[in-house]
Amino acid sequence: MDSDYGVPRELSEVQKKRALYQPEVPPCLQGTTVRVEYGDAAIAADPAGAHVISQAFPHTYGQPLAHFLRKTAVVADAKIIAEHPAVRVGIVFCGRQSPGGHNVVWGLYEAIKAHNQSSKLIGFLGGSDGLLAQKTLEITDEVLSSYKNQGGYDMLGRTKDQIRTKEQVNGAMASCQALKLDALVIIGGVTSNTDAAQLAETFAEAKCATKVVGVPVTLNGDLKNQFVETTVGFDTICKVNSQLISNVCTDALSAEKYYYFIRLMGRKASHVALECTLQSHPNMVILGEEVAASKLTIFDITKQICDAVQARAEKDKNHGVILIPEGLVESIPELYALLQEIHGLHGRGVSAENISSQLSPWASALFEFLPPFIRKQLLLHPESDDSAQLSQIETEKLLAQLVETEMNRRLKEGTYKGKKFNAICHFFGYQARGALPSKFDCDYAYVLGHVCYHIIAAGLNGYMATVTNLKSPVNKWRCGAAPISSMMTVKRWSRGPSATQIGKPAVHMASVDLKGKAYELLRQSSSSFLLEDIYRNPGPLQFEGPGADSKPISLCVEDQDYMGRIKKLQEYLEKVKSIVKPGCSQDVLKAALSSMASVTETLNIMTSSSTGQTQL
C-alpha cells in the first residue's frame, strides 16, 4: 500500500455529519437476488457509423440492453441470479477528479459485500499508472470511513490517465490476470469510457475472464446520450460555481461600475455555462455551440457584448456579469483554424518559438493581431486528443480587452453615452473540483456503484452503468446497463487545408442541444437577464434543508427516461404479438396492419431525415 493513499482524513464537524448520511437505493437494486431483463440488441445512434463500429468491436457491439427489475416485477423471461460466488473486482479513477467519485467505490463495496462477504474490492492507486504497475489497496470499511459523501479522488488518486496504446491495453490485461480479477470498473468521462470499451473488446478477443464496466463520472456534464442523462459531479460543480457567480453579481450590483467576465470550466461543451446561467441569472452568456452554429467571429462576439453594454448604459446600468465557457476559443472559426495550424506545426516537431514564423499569411496576420498573452497561450502544446489546453487560454481577458478598446472608441466618437468601461476577469475552474459533493451526486454515485455489481453478477462485459428518470425521487429511478459501443460515433475531422479522414469510433462529448428545452428556457429569459438585474443566488451547497434535494435545471426540464421508454415499447410490441395471432378476426388483422404501416412510414421518414440516409 502507498502511504499517500487511503489514509483516514481529518474531518470537520460538517464532514463528520455528511459521513453519517446513508444514500438509499431504488427497489430494483434491493435484496440479494439480481433480476435482469434483456432487451433488443443496442445499435449506434448514428447508423452511418454502425458498420465501422461493429468492425472495430466485433465481440462487444450489438449486445442487448439490460434492465434490472424490482422483486415484485413479473417478467417471464427475466434472468434470476440468486447464487453469488465470491468475486474479485478492481476499480480505478480515470480522468479529472469529480465530486462524488468516492461514493461509486462505496456503493460497489457495499453491494459486493451484501451479496458475498468473501468478495474483494481492490482499488488501483494513482489511476491508470497504478493499474499498469499493479499498485493496489484493498477497500475496507476502515478505508472508506472518512471518504463517504466527501469530495476528491484522494482515497485512490489519479494521474494523467490513458489506456490506449497496445502496450497499455496489454499491460492492463496482464494486471487483471495477475490479480485474478473477475471485473474491472473504470470511473471517468468520454475518453476513459472509450478506453474501457477498447479494453472490454481486447479482453473478450483474448478470452480474458475479466469483465470491464464503465461509470459516467465527469464534472463537465458532456457524457450525455440516450442512455446517460447526466454525469456524477456535474450537479456539484454547477451549484458551487453558481454561488460564486451570484456573489459576483451582487458585488457588481453594489459597486455599479464593473463588468465581470467569468470563464467557466467544462472543456469543449458549454453545459456548465448553460446550467450556471439558469441557476444564477447573469446578464449574458456566450455559448460555444451558439457561436459555432452561427459561425460568429471574434469581432462578431465583441460587437455583441459591446451592444449589450451600450443597451444597459441607456438604462443607467454600467455594470454586468458575462459568462464564457472555457471551450469558446475552439468554437470561434478563425481561432480554431489558427489553433489547427499551430497544432499541425507542433506535430511536425516545430518548436514553439519558431511556429509564428511558419504560419500561413492569414494565420500570421491574425496571430500578430492578438495580444501577447494570448499568443503565448495558443502556442502551448496540445492535449493528447489534439485539443488546445483550454484551461490555460484566457479567453475572458481577450474579450474584455477587445470590448474595452471598442467601448473607448465609441465613447470618444460620442456614440456611447455611458461611463468608462471597467472589466474584471475571473476563471472559476479548479476551485470546485474538490468540493464536497451535492446530495444528488452522493445518491447518484452510490446507486451507480450498486448497478456496477449487478452488471458484474450478470456477467456483462463492455457495458456502462446507467440510471435514468433521475429527475424523479430515488425510489423511481430506473437502473440498467447499456453497451458502451452503442454510445459511440465515428467523427470526420480535417487536418490541414484538404485532408479529411475517418476517425476511430469513440464516445464523443455531447454539445449543448440548441433545440433542447434547457436552451429554449435560456432563450426565453435572455432579454430579461440582459437588461434587468434579476440575479438569483442559490446559496451555498446544502446537504439538508431547503435546496438540499434540488437537481440540475437542465436535467429537470428535459423529457428523458430513454431506458424506461424502450422497455415500455417492448411491452406494447409484446401485447400486439399476443393479440394479433393466426386465427384472430379480419378486423383485428386489418387494424393492426393499417396502424403498423402508418407507424413504420412515420419512423422511416424521421430516421432518414436525421441521418441523411434512406431506410428500408
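Computation of the quantities below employed the complete heavy-atom set of this structure, encompassing side-chain atoms and omitting hydrogens, waters and symmetry-equivalent molecules.
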*Donor-acceptor contact below 3.5 Å, side chain Ser246 vs main chain Arg536*: yes
*Is it the case that Tyr535 and Asn283 place a side-chain donor and acceptor less than 3.5 Å from each other?*
yes
*Starting from the C-alpha separation in whole Å, work towards a yes-or-no answer on side chain to side chain contact (heavy atoms under 4.5 Å, CB included) for Phe261 and His426.*
CA-CA 6 Å; Phe261 287 68; His426 292 293; over 6 Å; no
*Enclosure of Glu353 CD (heavy-atom neighbours >12, cutoff 6.0 Å)*: yes
*Residues Lys16 and Glu13 bridged, charged N to O under 4.0 Å*: yes
*Thinking salt bridges, do Lys439 and Glu544 make one under a 4.0 Å N-O criterion?*
no
*For Lys476, enumerate each residue passing the salt bridge (charged side-chain N to carboxylate O under 4.0 Å, His left out) test, keeping only those at least two apart in sequence or located in another chain.*
none
*Begin with the C-alpha distance, continue with both residues' side-chain angles, and end with the deciding distance and a verdict on side chain to side chain donor-acceptor pair (under 3.5 Å) for Glu290 and Tyr519.*
CA-CA 10 Å; Glu290 284 183 313; Tyr519 179 74; 2.5 Å; yes
*Backbone N or O of Glu394 within a donor-acceptor pair of the Gln377 side chain at under 3.5 Å?*
yes
*Validation row: Asn149, Leu20 side chains within 4.5 angstrom (heavy atoms)*: no
_Nearest-0.5 Å distance, NZ of residue Lys471 to OG1 of residue Thr230_ = 13.5 Å
*Kindly say whether Asp222 contributes a backbone atom to a donor-acceptor pair with the side chain of Asn220 at under 3.5 angstrom?*
no
*Grab the two heavy atoms, one from Val217 and one from Ser98, that are nearest each other, plus how far apart they are.*
CG1-CB, 3.7 Å
*Side chain to side chain, Pro26 and Val447, heavy atoms closer than 4.5 Å*: yes
_Contact summary for Leu335 and Val329, nearest pair of heavy atoms_ = CB-O, 3.6 Å
*asked:* Any side-chain to backbone donor/acceptor pair from Glu558 onto Leu555? Under 3.5 Å, distance only.
replied: no
*Do we see a donor-acceptor contact under 3.5 Å between the side chains of Ser391 and Glu326?*
no
*asked:* Testing the basics here: between Ile305 and Ile322, what is the closest heavy-atom pair and its distance to 0.1 Å?
replied: CG2-CD1, 3.6 Å
*Can you name the one residue among Gln304, Gln310, Lys303 that meets side chain to side chain donor-acceptor pair (under 3.5 Å) with Asp307?*
Lys303
*What orientation do Tyr260 and Tyr258 show, parallel under 30°, tilted 30 to 60°, or perpendicular over 60°?*
perpendicular
_N/O donor-acceptor pair under 3.5 Å between Thr231 side chain and Phe234 backbone_ = no
*Any side-chain donor-acceptor pair under 3.5 Å between Glu24 and Tyr446?*
no
*asked:* Give me the atom names and distance for the closest heavy-atom approach of Ala465 to Pro216.
replied: O-CD, 3.5 Å
*Please step through side chain to side chain contact (heavy atoms under 4.5 Å, CB included) for the pair Val309 and Met407, ending with a clear verdict.*
CA-CA 9 Å; Val309 171; Met407 295 314 297; 3.9 Å; yes
*asked:* Once you measure the plane-to-plane angle for Phe543 and Tyr21, does it fall in the parallel (<30°), tilted (30-60°) or perpendicular (>60°) bin?
replied: perpendicular
*Taking atom OG of Ser528 and atom CD1 of Ile534, what is their separation to the nearest 0.5 Å?*
4.0 Å
*Residues forming a ring-ring contact (aromatic ring centres under 6.0 Å, His included) with Phe529, sequence neighbours excluded*: His281
*When you look at Lys417 and Arg410, which way does the side chain to side chain contact (heavy atoms under 4.5 Å, CB included) test go after all the steps?*
CA-CA 9 Å; Lys417 306 296 185 182; Arg410 294 186 186 188; over 6 Å; no
*Within a strict 4.5 Å, meaning less than it, do heavy atoms of the Leu328 and Leu399 side chains meet?*
yes
*Is there a donor-acceptor pair under 3.5 Å between the side chain of Trp477 and the backbone N or O of Val467?*
no
*Minimum heavy-atom distance Gly95-Ser192, with the two atoms named*: N-OG, 3.7 Å
_Looking at Leu411, is its backbone amide N or carbonyl O close enough to the side chain of Thr415 to form a donor-acceptor pair, meaning the two atoms are under 3.5 Å apart?_
no
*Taking atom types as modelled, is there a side-chain donor on Ser472 or Asn469 under 3.5 Å from an acceptor on the other?*
yes
_So that I can tick it off, tell me whether Asp533 and Arg312 are bridged by a salt bridge, with the cut-off set at under 4.0 angstrom between side-chain N and carboxylate O._
yes
*Hey, are Arg409 and Glu406 close enough for a salt bridge, meaning a charged N less than 4.0 Å from a carboxylate O?*
yes
*Any luck finding a side-chain donor-acceptor pair between Ser270 and Glu289 under 3.5 Å?*
yes
*asked:* Quiz question: by atom type and distance under 3.5 Å, do the side chains of Gln150 and Arg18 form a donor-acceptor pair?
replied: no
*Which heavy-atom pair separates Arg263 from Pro325 by the least distance, and what is that distance?*
CG-C, 4.4 Å
*Less than 4.0 Å between a side-chain N and a carboxylate O, is that true for Arg9 and Asp154?*
yes
*asked:* Within 45 degrees of the ring normal and closer than 6.0 Å to the centroid, is that where the cationic atom of Arg158 sits relative to Phe93?
replied: no
*Output the distance between atom OG1 (Thr277) and atom CD1 (Ile245), rounded to the nearest 0.5 Å.*
6.5 Å
*Pair Asn408-Thr405, side-chain donor/acceptor within less than 3.5 Å*: no
*Will you find, in the side chains of Lys239 and Ser550, an N or O donor that is under 3.5 Å from an N or O acceptor?*
yes
*Okay, side chain of Thr297, backbone of Ile332: is any donor-acceptor separation there less than 3.5 Å?*
no
*asked:* Using a 3.5 Å distance criterion without hydrogens, assess whether the side chain of Asp235 forms a donor-acceptor pair with backbone atoms of Phe440.
replied: no
*asked:* Checking the side chain of Lys257 only, and the main-chain atoms of Asn422 only, is there a donor and an acceptor separated by less than 3.5 Å?
replied: no
*Go through the side-chain N and O atoms of Ser554 and Glu275 and say whether any donor and acceptor fall under 3.5 Å apart.*
yes
*asked:* Between Met464 and Met487, is the side chain to side chain contact (heavy atoms under 4.5 Å, CB included) condition met? List the steps.
replied: CA-CA 9 Å; Met464 186 184 294; Met487 304 178 191; 3.6 Å; yes
